[in-house]
Amino acid sequence: MYQTTISKERFADMQKKLIAYVNAKKEFDGKVIQNDKWYRAQHWDFVRGSTEIPETTTSFLFNALAYKHAEIMDNYPSPNVLAREENDVPQAEMLSQIIPFELDACNFKNTFSKATWYKLKNGVVPYGVFFNPELNGGLGDIDIQRLDILNIFWEPGVEDIQNSRYLFLVNMVDNDELRTLYPHAGDALGQEGLLSIQSREQHVDFQEKSLVVDCYYKVVQPDGKKILHMTKFTGDTVLDSSEDRPQTAQSGLYAHGHYPVIFDVLYPMDGTPVGFGLIDLSKNCQTYVDKLDSIISENALISGKVRWLVRDNGGINEEELLDLSQDIVHVTGSLRDENVREFQANPLDPYIIQHRLNKIEELKELTGNRDFMQGGSSGGVTAYGAIVALQEAGNKLSRDIINNTYESYKQIIYMCISLIRQFFDEDRQIRITGEDGSRKYIKFSNKDLLGESVESPVFDIKILPEKSNPFTRLSQNQMAQEFYNMGMFRPENARQAIMTLGMMSFEGKDKLIHELEQMLQEQNAVAAQTPVESTQKEKTPSSGKNSNQRT
């Protein structure tokens, strides 16, 4: 039978705090669920008024999200690890090769793409950076996940989740899996437990599942250092705890001592670690666009249909009148103008249509998704350079969002480095692909990265965007032509070209510098051989002259 070292008082405090955190977060969770409805264009439940009008939906808000997502993915981050001390340069260079491989192994680009959608919708996306001992054939590996904010609970009032007394991650797990992993759970499985988590889908069946809570908390050691622990429980039963394991009881779950969750916020708010997103910013404007569109659509259906006013005793055959296939309509008696009259509703005032267009423009301004950002032109601007200049001026909002994303990405990389130092005890072999497509295989372990302690040496992270859009490729092609015309590829200019390229940043720069360095070495080698050849040539005629004199 499993026996935990967690005291009843501490466990009761965890349960009490969890209920308090959940109650404090209900309003935010409701907003997240509502935003998901807006994202799916199922928002009429929230905007429907007392009048019955056609519930038309437009996708201007979704288009704004899609464009922002595409722009962020065009600037997908790539880490470059820099050493703070000269002795740590080899380790930094090794990490610069290891980290991209680890990110690719856990399919981080796909995770980043899904997280970007989530962030734009809800204003925040939580990343979980864990070490999963089951990955890589049981050797263990880094596992980066995009978490659901609905399943995370923190202390109300804190702006940084690292300052929260507890951090709870909850999830519904199959009872069969829990019985296999934790046989001591017994009758605790299947109970409703302390709370029920909110779900976006109402038809999800939780009959054969149990609510499992991962409670992360920090314990202060006698020396003042905080270590991280995690206790897993369901209902009133503790399933597992890092305090009960001999290898983690004194050192904590992770050596970095932080909660393994990172919040990437879009637009921050004071007093909370979360923020608001594009849907929160623009759904009011989208509401009026859809309502006006519904009114205009209804009026178009009514005013576009011809109706008839027919007297009861007018003697007109109504069936033949309504049947458009009939060429003749029979009339009984004399036909008068007052017997039948055409009736048609008046169209809406053009101001209403213009007001809808103004609301669409307002929505574009709010989201920074104006026409020229997508390659369109307005106001007579048709020149390629002018459109590009407008795009660059309008990219300020996107650059700000991308820079904030990079800061969260840095925290992910720092956690990855810490996990590599802590858990990569055995030699691992990875594949390194160069910019020229060449491949090499290296072995590494944390022995090559550890200094005097687990936390040293210290590295800095520089983020380089992997620009992949056609405009960037065109710019690089033009830049290469300019380099050629300036003579930077001539052997005599190799040294100046290397100095110039060192101050620039673009894809393929390292490969170009390497080729210029080889060119410079060849030039120096030729220059070193030239005096020797000249001396030999000078000696030959001199010897001939002396020989003739002797003759």
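Remember, it's a predicted structure, so these values are computed and weren't measured experimentally.
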Compute whether any side-chain donor of one residue and acceptor of the other, for [X] and [Y], lie under 3.5 angstrom apart.
X      : Y      : result
His229 : Ser242 : yes
Asp280 : Asn35  : yes
Gln34  : Asp36  : no
Glu71  : Asn75  : no
His69  : Ser113 : yes
Asn358 : Gln354 : yes
Lys119 : Thr405 : yes

Requested in this report: Measure the shortest side-chain to side-chain distance between Tyr409 and Pro79 over non-hydrogen atoms and say whether it is less than 4.5 angstrom.
Outcome: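 Yes, side chains in contact.
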
Query raised in the report: Is there a side-chain contact between Asn132 and Asp141 (heavy atoms, below 4.5 Å)?
Result: no

**Report entry** Test side-chain contact (heavy atoms from CB on, under 4.5 Å) applied to Ile227 and Tyr254, step by step
**Finding:** CA-CA 8 Å; Ile227 61 175; Tyr254 294 131; over 6 Å; no

Query raised in the report: Do we get Lys31 above Phe276's six-membered ring, with its NZ or CZ under 6.0 Å from the centre and within 45° of the axis?
Result: no

Query raised in the report: Is it the case that Arg421 places NZ or CZ above or below the six-membered ring of Phe424, under 6.0 angstrom from the centre and within 45 degrees of the axis?
Result: no

Query - Pair Val289-Ile360, side-chain contact (heavy atoms from CB on, under 4.5 Å): steps then yes or no - result: CA-CA 7 Å; Val289 171; Ile360 294 174; 4.0 Å; yes

Report task. Evaluate side-chain hydrogen bond (donor to acceptor under 3.5 Å, both in side chains) for Gln286 paired with Asp290, printing each intermediate quantity in order. Result -> CA-CA 6 Å; Gln286 178 72 58; Asp290 287 345; 3.1 Å; yes

For [X] and [Y], which heavy atoms make the closest approach, and how far apart are they?
X      : Y      : value
Glu492 : Gln523 : CA-NE2, 3.7 Å
Ser282 : Leu363 : O-CD1, 4.2 Å
Leu228 : His258 : CD2-O, 3.0 Å
Leu135 : Ile142 : CD1-O, 4.0 Å
Trp154 : Leu167 : CB-CD1, 4.0 Å
Tyr259 : Met415 : O-CE, 3.2 Å

Gap between atom [atom2] of [Y] and atom [atom1] of [X] - 0.5 Å precision:
X      : Y      : atom1 : atom2 : value
Arg356 : Ile295 : CZ    : CD1   : 11.5 Å
Asn446 : Ile417 : CG    : CD1   : 13.5 Å
Tyr406 : Ser78  : OH    : OG    : 9.5 Å
Cys416 : Gln411 : SG    : CD    : 12.0 Å
Thr287 : Leu61  : OG1   : CG    : 9.5 Å
Glu517 : Leu512 : CD    : CG    : 10.0 Å

Requested in this report: For Tyr21, enumerate each residue passing the ring pair (Phe, Tyr, Trp, His ring centres under 6.0 Å) test, keeping only those at least two apart in sequence or located in another chain.
Outcome: Phe168

Within a reach of under 6.0 Å around [atom1] of [X], are more than 12 heavy atoms found that belong to other residues, nucleotides or ligands?
X      : atom1 : answer
Glu134 : CD    : no
Phe101 : CZ    : yes
Glu85  : CD    : no
Arg495 : CZ    : no

**Report entry** Verdict with reasoning, Asp148 to Tyr118, per side-chain hydrogen bond (donor to acceptor under 3.5 Å, both in side chains)
**Finding:** CA-CA 9 Å; Asp148 193 346; Tyr118 196 99; 2.6 Å; yes

Out of [options], which one pairs with [X] under the side chain to side chain contact (heavy atoms under 4.5 Å, CB included) rule?
X      : options                : result
Pro260 : Tyr127, Phe131, Tyr216 : Tyr216
Thr116 : Ile401, Ile72, Val125  : Ile72
Phe423 : Ile420, Asp425, Leu419 : Leu419
Ile461 : Val81, Ile412, Leu82   : Val81

Report task. Go through Asp460 and Tyr414 one step at a time and tell me if the side-chain contact (heavy atoms from CB on, under 4.5 Å) criterion holds. Result -> CA-CA 9 Å; Asp460 294 322; Tyr414 280 125; 4.2 Å; yes

Requested in this report: Let me see the working for Gln145 and Asp143 under side-chain hydrogen bond (donor to acceptor under 3.5 Å, both in side chains), right down to the final yes or no.
Outcome: CA-CA 6 Å; Gln145 303 175 12; Asp143 187 12; 2.8 Å; yes

Under 3.5 Å, side chain of [X] to main-chain N/O of [Y], donor-acceptor pair present?
X      : Y      : answer
Lys25  : Ile152 : yes
Gln429 : Ile442 : no
Asp160 : Gln162 : yes
Glu159 : Pro273 : no
Asn493 : Gly487 : yes

Requested in this report: Show your working on side-chain contact (heavy atoms from CB on, under 4.5 Å) between Ile99 and Leu103 and close with a plain yes or no.
Outcome: CA-CA 6 Å; Ile99 296 297; Leu103 295 177; 4.0 Å; yes

Report task. Would you please classify the geometry between the Phe112 ring and the Phe108 ring as parallel, tilted or perpendicular, with 30° and 60° separating the classes? Result ->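 Tilted.
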
